[in-house]
Amino acid sequence: MPWLKRDIFIDNVRTDEALDERMKASVALAKKRGVAVLIGHHYPVTLEALKRWQPLLVKEGITVVPLFELFNH
(Lines give C-alpha, C1' and ligand atoms only; values in the text may rest on other atoms or scores of the structure.)
Protein backbone atom coordinates (compact mmCIF):
# COMPACT_ATOMS: atom_id res chain seq x y z
CA MET A 1 0.00 0.00 0.00
CA PRO A 2 1.47 3.41 -0.93
CA TRP A 3 2.05 5.86 1.88
CA LEU A 4 3.49 9.31 2.52
CA LYS A 5 5.11 10.78 5.61
CA ARG A 6 4.24 14.27 6.76
CA ASP A 7 7.12 16.71 6.72
CA ILE A 8 5.49 19.74 8.32
CA PHE A 9 2.34 20.18 10.39
CA ILE A 10 1.55 23.77 9.48
CA ASP A 11 -1.08 24.72 12.05
CA ASN A 12 -0.23 23.09 15.34
CA VAL A 13 0.12 26.70 16.55
CA ARG A 14 -2.69 28.79 15.09
CA THR A 15 -1.25 32.28 14.78
CA ASP A 16 -0.31 34.22 11.66
CA GLU A 17 3.31 34.37 12.82
CA ALA A 18 3.56 30.63 13.47
CA LEU A 19 1.89 29.77 10.18
CA ASP A 20 4.22 32.10 8.29
CA GLU A 21 7.25 30.44 9.90
CA ARG A 22 5.92 26.99 8.96
CA MET A 23 5.25 28.14 5.40
CA LYS A 24 8.78 29.57 5.12
CA ALA A 25 10.15 26.21 6.27
CA SER A 26 7.85 24.43 3.80
CA VAL A 27 9.06 26.53 0.87
CA ALA A 28 12.69 25.92 1.82
CA LEU A 29 12.12 22.17 2.10
CA ALA A 30 10.21 21.96 -1.18
CA LYS A 31 12.96 23.86 -2.99
CA LYS A 32 15.67 21.66 -1.44
CA ARG A 33 14.01 18.27 -1.98
CA GLY A 34 11.58 19.00 -4.78
CA VAL A 35 8.62 18.03 -2.62
CA ALA A 36 7.28 18.68 0.86
CA VAL A 37 4.28 17.01 2.47
CA LEU A 38 2.28 19.39 4.64
CA ILE A 39 -0.78 18.77 6.71
CA GLY A 40 -3.13 21.18 8.39
CA HIS A 41 -6.74 21.76 9.25
CA HIS A 42 -9.45 23.89 7.75
CA TYR A 43 -9.17 26.51 10.49
CA PRO A 44 -9.90 30.03 9.24
CA VAL A 45 -6.37 31.18 10.15
CA THR A 46 -4.88 28.28 8.16
CA LEU A 47 -6.99 28.98 5.10
CA GLU A 48 -6.11 32.69 5.26
CA ALA A 49 -2.40 31.85 5.51
CA LEU A 50 -2.62 29.59 2.46
CA LYS A 51 -4.38 32.36 0.51
CA ARG A 52 -1.73 34.85 1.64
CA TRP A 53 1.10 32.53 0.61
CA GLN A 54 -0.34 31.45 -2.76
CA PRO A 55 1.26 34.31 -4.79
CA LEU A 56 4.68 33.62 -3.26
CA LEU A 57 4.35 29.89 -3.94
CA VAL A 58 3.59 30.63 -7.58
CA LYS A 59 6.53 33.05 -7.76
CA GLU A 60 8.82 30.39 -6.31
CA GLY A 61 7.55 27.80 -8.81
CA ILE A 62 5.86 25.72 -6.13
CA THR A 63 2.58 24.00 -6.96
CA VAL A 64 0.16 22.85 -4.29
CA VAL A 65 -1.24 19.45 -5.21
CA PRO A 66 -3.45 16.82 -3.56
CA LEU A 67 -1.47 14.13 -1.79
CA PHE A 68 -2.39 11.42 -4.30
CA GLU A 69 -0.38 13.26 -6.97
CA LEU A 70 2.79 12.79 -4.94
CA PHE A 71 2.66 9.02 -5.28
CA ASN A 72 4.06 9.42 -8.80
CA HIS A 73 6.89 11.70 -7.67
Side-chain angles (χ1 to χ4, degrees):
M1 171 166 289
W3 60 276
L4 295 168
K5 179 182 176 281
R6 171 206 25 100
D7 294 310
I8 297 179
F9 184 18
I10 63 170
D11 61 359
N12 55 332
V13 177
R14 289 177 274 168
T15 65
D16 287 337
E17 297 80 14
L19 281 158
D20 285 346
E21 287 302 315
R22 293 304 223 173
M23 290 302 295
K24 286 178 193 173
S26 301
V27 168
L29 184 60
K31 289 175 80 172
K32 178 180 178 181
R33 288 196 350 212
V35 66
V37 176
L38 315 180
I39 64 167
H41 298 89
H42 62 280
Y43 300 128
V45 68
T46 305
L47 298 175
E48 287 302 316
L50 292 172
K51 286 179 193 175
R52 189 172 58 250
W53 274 82
Q54 182 61 26
L56 178 62
L57 297 176
V58 170
K59 181 180 175 185
E60 294 291 332
I62 295 172
T63 304
V64 177
V65 299
L67 289 175
F68 72 85
E69 288 192 26
L70 297 180
F71 288 116
N72 295 324
H73 185 272

Any non-hydrogen side-chain atom of Val45 less than 4.5 Å from a side-chain atom of Thr15? no
Flag side-chain contact, heavy atom, 4.5 Å: Arg52 against Asp16: yes
Give me the atom names and distance for the closest heavy-atom approach of Leu4 to Leu67. CD1-O, 3.6 Å
Note: Ile62 and Ala30 closest approach over all heavy atoms is CD1-CB, 4.2 Å
Distance col, row His41:NE2 vs Phe9:CZ, nearest 0.5 angstrom, shows 4.5 Å
Contact check, side chains of His42 and Thr46, non-hydrogen atoms, under 4.5 Å: no
Does one hydrophobic cluster hold both Leu56 and Leu29, with members joined at side-chain heavy-atom distances below 4.5 Å? yes
If you compare all heavy atoms of Gly40 against all heavy atoms of Asp11, which two are closest, and at what distance to 0.1 Å? CA-OD1, 3.3 Å
Taking side chain as C-beta onward, heavy atoms only, is Arg22 less than 4.5 Å from Leu38? no
Of all the heavy-atom pairs spanning Phe71 and Trp3, show the shortest one and how long it is. CE2-N, 3.5 Å
When every non-hydrogen atom of Ala36 is compared with those of Arg33, the smallest separation belongs to CA-NH2, 4.4 Å
Could you tell me which non-hydrogen atom of Leu19 sits nearest to which non-hydrogen atom of Ile10, and how far apart they are? CD2-O, 2.9 Å
Spacing of CE belonging to Met23 relative to CH2 belonging to Trp53, to within rounding of 0.5 Å: 6.0 Å
Could you state whether Val65 and Leu57 fall into the same hydrophobic cluster, counting links through intermediate Ile, Leu, Val, Met, Phe, Trp or Tyr residues with side-chain heavy atoms under 4.5 angstrom apart? no
Same cluster or not: are Val64 and Leu50 linked, directly or through other Ile, Leu, Val, Met, Phe, Trp or Tyr residues, by side-chain heavy atoms under 4.5 angstrom apart? yes
